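The model shown is predicted, which means the values in this text are computed figures rather than measured ones. In this chain, numbering begins with 1 at the start of the sequence shown.
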Amino acid sequence: MNNGGQIKANIIKKYSTGSLKLFVKYLKDRNGYSMAIPTRGYGNPSPAEGFNNSSSVLLPLVTYDQGNFVEGGNIHYNSRRLVDNTYRSVGLNWEQKLGDGWNLDNKIRVSNNDVRYNSSTNNSIIAADGKEFFNLFGGGTADGTFTFRDHRTGQVLYSINSVNPTGGNNPVYTVTENNLPGQSLRNNGVFISPLQTYENKVKEVLNQLTITKKWNNMNFAFGGYFGYSDVARVSGGGGVAITAIEPNPRILDMEFTGTMNGLFGNYQMTNSDGMAQFSRNNGSQLGFYATQRQIAGFFGHTWDITSALTLDWGIRYESQNIKGHNTRAYLKSTAGPDNNALTMYDNTVLDYLETVDYDRTLEAFSYSAALNYKFNTNLSVYTRFSQGKKSPDLDIYFAANRSGTIGLLDPQQRTTNQLEAGLKAKYNKFDLFVTPFYSVLKNVPSGGSATLADGSFYALPTLYNDFRTVGIEIESNVKPIDILNIRAVVTLQKSKITDGTYWVTNGVGMADDQIASFSGNETGATPRLFFNITPNLNLNKFYTFLTWNYMGKRQANNSNAFTLPAFSMFDLGAGYNFTEKLSASVNVNNLFNTYATMSWTRPGSYADQRASLDNFTPAMYQAAESANMPYFTVANPPRSTFVSVVYKF
């Protein structure tokens, strides 16, 4: 799942009034990530029958070539790559003493980064017994028999007859054989595993200059920042695997014998590697090209008003310009590059390209100020107010990729206003940090996708939501006896959506899309209580610790459809120092192999499973729970054990 490494090197030149540091870095990694697995139960989620928290639903080794409809040529997919990261950078740090308390620090870095995804997106469970399924592959109005075989053995696992009334477009389906696993999750069900094609190339130049000055009981810092990024990205669907509902799923070959689009024959829906192709715009591809220029200036001041009272404050102004264009490939179905209409796995080809342009500039002003008062060396208090503004990610710009939606592009800066206070107490056997806070977060973007009449998907215009959170953080270390130390970190909070909306898409197409409100709801995925407590025991050469991690229940989404349950997880560690040079340790994460839901996807149809979580309402939840519908969750990692031996020469 994780392979690679990095090489870093630097050369430092020191001289009487400063230093120069030249550094280079090269990183090459191939990483996997947690995949969602089928799950039963909403109030107490657990892996569905046939699965456990160690199950994998990743595809076996597969390769696939599909057309790059945006830039031309082909995209080669190889599941062994997973997420392939290549990072190259060179930088220079310059520190210079200017005299009389003045200092200069300049950091510049030039980088060239490539990220390529060759991993399937999260699976979907779909019944292969209706038009919704066969439409994905261009066979929604066929007359004949679909047959599904185990790709490795050739065994027939499933077959279904499709009878299309003369002149109609609503076939009648009859299952004639079903030996598929996982049928208790969905009758006639299979996994759909889209092959995620994503290539992102970023070239960057970043530079920050800081000048500092110490004068009497004050410190000043001011400077500027410049950033330039050139981004080129191609992403989208196309290739797709049909697999059995089981851990380490088998790939299924699909074939059809009969009449499709007026032509009778033996149709190969999957290629020799078992890969199918989405029909037309079900597998559309997108190209994104943007340059981002960011210029900022900042000033900071720390003033020791007295030996006990300190004021520190700072301001930052920045201007960000993003200019670029998005290209959408519109697809159609023909006989494909091999001029054979019976090989359906390559019959989706480019119809035309649509390009939209944008050019937006956002300006932001942020500030923060704090007062610190020290009663003595053991006790102090502080209070701080901050307002920070953050420009939206590029994905906001990339979501507007149609001529009908580019006019709706209205990027908003995310604003955080936070008031906090703090108590710091530190003694020989006890320390305590208490931080109450009040935070208001504005203009948090929310998007999603919906279905067009032809079965393809479109991005919904971005909505922006506001949140308010009140809470307190407590951190403490207690040492009741010399051999025992107890560390605890606790957060209590309550978060509310003060102004929030989401899309209700109703039927297919954009015409009946509506905006609904969930203002006043509790913020999704935000527990009211979470903590960890770690007692650590030291006995000469031996030590051991046990960490109790707890996360309270939290709303599953902003619509407050249901709550994800609270959970506890324990980590255990121990070690022994045999000599000054030789030591060994063992760490067991998730000691009791607890299954805890970290994120989830919606149940329902293929389109439902791809839709935004916030659009999943309490009424939809009630229907899903009553039907005991399976869905997918990403859980915490299962129990794992690490043993380390260290020898120092």
S.K.: Taking all atoms of both residues into account, what is the closest heavy-atom pair of Leu61 and Arg80, and its distance?
M.R.: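 In this case the closest contact between Leu61 and Arg80 is CD2-NH2, 3.2 Å.
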S.K.: Holding to side chain to side chain contact (heavy atoms under 4.5 Å, CB included), I want the full list of residues that pass it with Asp114, two or more places apart in sequence or in another chain.
M.R.: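 By the side chain to side chain contact (heavy atoms under 4.5 Å, CB included) rule, Asp114 matches Thr86, Arg88, Asn112, Lys201.
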S.K.: Any side-chain heavy atom of Ser79 within less than 4.5 Å of one from Pro60?
M.R.: no
S.K.: Checking Asn587 side chain against Gly573 main chain: does a donor-acceptor pair fall under 3.5 Å?
M.R.: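 Side chain of Asn587 to backbone of Gly573: no pair is present.
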S.K.: When Tyr42 is tested against each of Trp600, Phe562, Phe616 for ring-ring contact (aromatic ring centres under 6.0 Å, His included), which residue passes?
M.R.: Phe562
S.K.: Sequence neighbours excluded, which residues qualify as ring-ring contact (aromatic ring centres under 6.0 Å, His included) partners of Phe278?
M.R.: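 Residues passing ring-ring contact (aromatic ring centres under 6.0 Å, His included) with Phe278: none at all.
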S.K.: Please tell me if the side chains of Leu419 and Phe437 come closer than 4.5 Å, counting only heavy atoms from C-beta onward.
M.R.: no
S.K.: Looking at residues at least two apart in the chain, or sitting in another chain, which of them share a ring-ring contact (aromatic ring centres under 6.0 Å, His included) with Tyr117?
M.R.: Tyr198
S.K.: Contact between Val504 and Asn615 at the side-chain level, heavy atoms closer than 4.5 Å - yes or no?
M.R.: no
S.K.: Checking Tyr158 against Phe148 for the ring-ring contact (aromatic ring centres under 6.0 Å, His included) test, could you report, in this order, the C-alpha distance in whole Å, the side-chain angles of both residues, the deciding distance, and whether it holds?
M.R.: CA-CA 5 Å; Tyr158 182 74; Phe148 296 73; 5.3 Å; yes
S.K.: Taking the side chain from Glu132 and the backbone from Tyr606, do they hold a donor-acceptor pair closer than 3.5 Å?
M.R.: yes
S.K.: Among Ile515, Asn465, Thr617, Leu613, which one satisfies side chain to side chain contact (heavy atoms under 4.5 Å, CB included) with Tyr502?
M.R.: Thr617
S.K.: Using the test salt bridge (Lys or Arg N to Asp or Glu O under 4.0 Å), find all partners of Lys28 that sit at least two apart in sequence or belong to another chain.
M.R.: Asp84
S.K.: Go through the side-chain N and O atoms of Ser495 and Thr526 and say whether any donor and acceptor fall under 3.5 Å apart.
M.R.: no
S.K.: Less than 4.5 Å apart, any side-chain heavy atom of Leu564 and any of Thr633?
M.R.: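 Sidechains of Thr633 and Leu564: no contact.
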S.K.: Using atom types as modelled and distance alone, determine if a side-chain donor or acceptor of Asn326 lies under 3.5 Å from a backbone N or O of Ala400.
M.R.: yes
S.K.: Test your reading of the model: is there a side-chain donor-acceptor pair from Arg40 to the backbone of Asn628, 3.5 Å cut-off?
M.R.: yes
S.K.: Run the side chain to side chain contact (heavy atoms under 4.5 Å, CB included) test on Ile192 and Phe133 for me, step by step, so that the C-alpha distance in whole Å, both residues' side-chain angles and the decisive distance to 0.1 Å come before the verdict.
M.R.: CA-CA 10 Å; Ile192 290 289; Phe133 176 84; 3.7 Å; yes
S.K.: Start with the C-alpha gap between Met620 and Arg602, add the side-chain angles, then the distance that decides, and say whether side chain to side chain contact (heavy atoms under 4.5 Å, CB included) holds.
M.R.: CA-CA 10 Å; Met620 294 175 181; Arg602 291 175 48 163; 3.8 Å; yes
S.K.: With a 3.5 Å distance limit and no angle check, can you tell me whether Asn443 reaches the backbone of Gln413 through a side-chain donor-acceptor pair?
M.R.: yes
S.K.: If you look only at pairs with a residue in residues 180-190, which of them pass as a side-chain hydrogen bond (donor to acceptor under 3.5 Å, both in side chains), with sequence neighbours excluded?
M.R.: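 Passing the test, one end in residues 180-190: Glu49-Ser184, Asp129-Asn188, Asn178-Gln183, Asn178-Asn188.
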S.K.: Surrounding CZ of Arg81 (heavy atoms of other residues, nucleotides or ligands, distance under 6.0 Å), is the total greater than 12?
M.R.: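 Counting other residues, nucleotides and ligands, CZ of Arg81 exceeds 12 neighbours.
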S.K.: According to side chain to side chain contact (heavy atoms under 4.5 Å, CB included), who are the partners of Pro47, at least two apart in sequence or on a separate chain?
M.R.: Ile37, Phe51, Tyr595
S.K.: If we only count heavy atoms from C-beta on, is the Pro45 to Tyr631 side-chain gap below 4.5 Å?
M.R.: yes
S.K.: Does the side chain to side chain contact (heavy atoms under 4.5 Å, CB included) test come out yes or no for Phe530 and Gln493, once each step is laid out?
M.R.: CA-CA 9 Å; Phe530 57 95; Gln493 63 182 357; 3.7 Å; yes
S.K.: Of Thr534, Asn589, Asp571, which meets side-chain hydrogen bond (donor to acceptor under 3.5 Å, both in side chains) against Thr547?
M.R.: Thr534
S.K.: Are the side chains of Gln292 and Val231 in touch, meaning some heavy atoms are under 4.5 Å apart?
M.R.: no
S.K.: If you measure only the distance, is there a donor-acceptor pair under 3.5 Å linking the side chains of Glu473 and Thr491?
M.R.: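 No, Thr491 and Glu473 have no side-chain donor paired with an acceptor closer than 3.5 Å.
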S.K.: Just by modelled atom types, is the Asn85 backbone N or O under 3.5 Å from a matching donor or acceptor in the Asp29 side chain?
M.R.: no
S.K.: Please check if any side-chain donor atom of Asn590 sits under 3.5 Å from a side-chain acceptor atom of Arg639, or the reverse.
M.R.: no
S.K.: Any donor-acceptor pair under 3.5 Å linking the side chain of Ser55 with the backbone of Asn52?
M.R.: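 Flag set: sc Ser55 to bb Asn52 pair under 3.5 Å.
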S.K.: Checking Ala574 now: which residues fulfil side chain to side chain contact (heavy atoms under 4.5 Å, CB included) with it, not counting sequence neighbours?
M.R.: Phe542, Thr544, Val586
S.K.: Do you know which two heavy atoms are closest between Gln609 and Ile125, and how far apart they sit?
M.R.: NE2-O, 2.8 Å
S.K.: Can you name the salt bridge (Lys or Arg N to Asp or Glu O under 4.0 Å) partners of Arg468, sequence neighbours left out?
M.R.: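 Arg468: no salt bridge (Lys or Arg N to Asp or Glu O under 4.0 Å) contacts found.
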S.K.: Under 3.5 Å, is there a donor on one side chain and an acceptor on the other for Ser559 and Asp614?
M.R.: no
S.K.: Does Phe531 have any side chain to side chain contact (heavy atoms under 4.5 Å, CB included) partners at least two apart in sequence or in another chain, and if so, which?
M.R.: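 Expected list: Val490, Leu529, Ile533, Trp548, Tyr550.
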S.K.: Minimum heavy-atom separation for Asn123 and Ser193, please, with both atom names.
M.R.: OD1-OG, 2.8 Å
S.K.: Check for a donor-acceptor pair, side chain of Asn636 on one end and backbone N or O of Ala596 on the other, with a separation under 3.5 Å.
M.R.: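 Answer holds: yes.
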S.K.: Pair Ser111, Ser89 - check side chain to side chain donor-acceptor pair (under 3.5 Å), show working.
M.R.: CA-CA 4 Å; Ser111 62; Ser89 70; over 6 Å; no
S.K.: Begin from the C-alpha positions of Thr63 and Asn78 and carry the test side chain to side chain donor-acceptor pair (under 3.5 Å) through to its verdict.
M.R.: CA-CA 5 Å; Thr63 59; Asn78 185 335; over 6 Å; no
S.K.: Side chains of Ser439 and Phe467, heavy atoms from C-beta outward: is any pair under 4.5 Å?
M.R.: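 Sidechains of Phe467 and Ser439: no contact.
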S.K.: Please list, chain by chain and in numerical order, all residues satisfying salt bridge (Lys or Arg N to Asp or Glu O under 4.0 Å) with Glu420, sequence neighbours excluded.
M.R.: none
S.K.: Test side chain to side chain donor-acceptor pair (under 3.5 Å) on Arg384 and Ser368 and set out the steps.
M.R.: CA-CA 7 Å; Arg384 175 180 294 277; Ser368 179; 2.6 Å; yes
S.K.: Please name all residues satisfying salt bridge (Lys or Arg N to Asp or Glu O under 4.0 Å) with Arg109, sequence neighbours left out, ordered by chain then number.
M.R.: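 With sequence neighbours excluded, Arg109 shows a salt bridge (Lys or Arg N to Asp or Glu O under 4.0 Å) to no residue whatsoever.
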S.K.: Identify the residue among Lys442, Arg414, Lys496 that makes a salt bridge (Lys or Arg N to Asp or Glu O under 4.0 Å) with Asp466.
M.R.: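 Only match with Asp466 under salt bridge (Lys or Arg N to Asp or Glu O under 4.0 Å): Lys442.
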S.K.: Just wondering, do Gln6 and Tyr87 contact through their side chains at under 4.5 Å, heavy atoms?
M.R.: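 Sidechains of Gln6 and Tyr87: no contact.
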S.K.: Quick check: are there more than 12 heavy atoms from other residues, nucleotides or ligands sitting under 6.0 Å from CD1 of Ile7?
M.R.: no
S.K.: Which atom pairs, one a donor and one an acceptor, fall under 3.5 Å between side chains of residues 234-249 and the rest of the protein, sequence neighbours left out?
M.R.:
from   : atom 1 : to     : atom 2 : distance (Å)
Glu246 : OE1    : Arg250 : NH2    : 3.2
Glu246 : OE2    : Arg250 : N      : 3.1
Glu246 : OE2    : Arg250 : NE     : 2.7

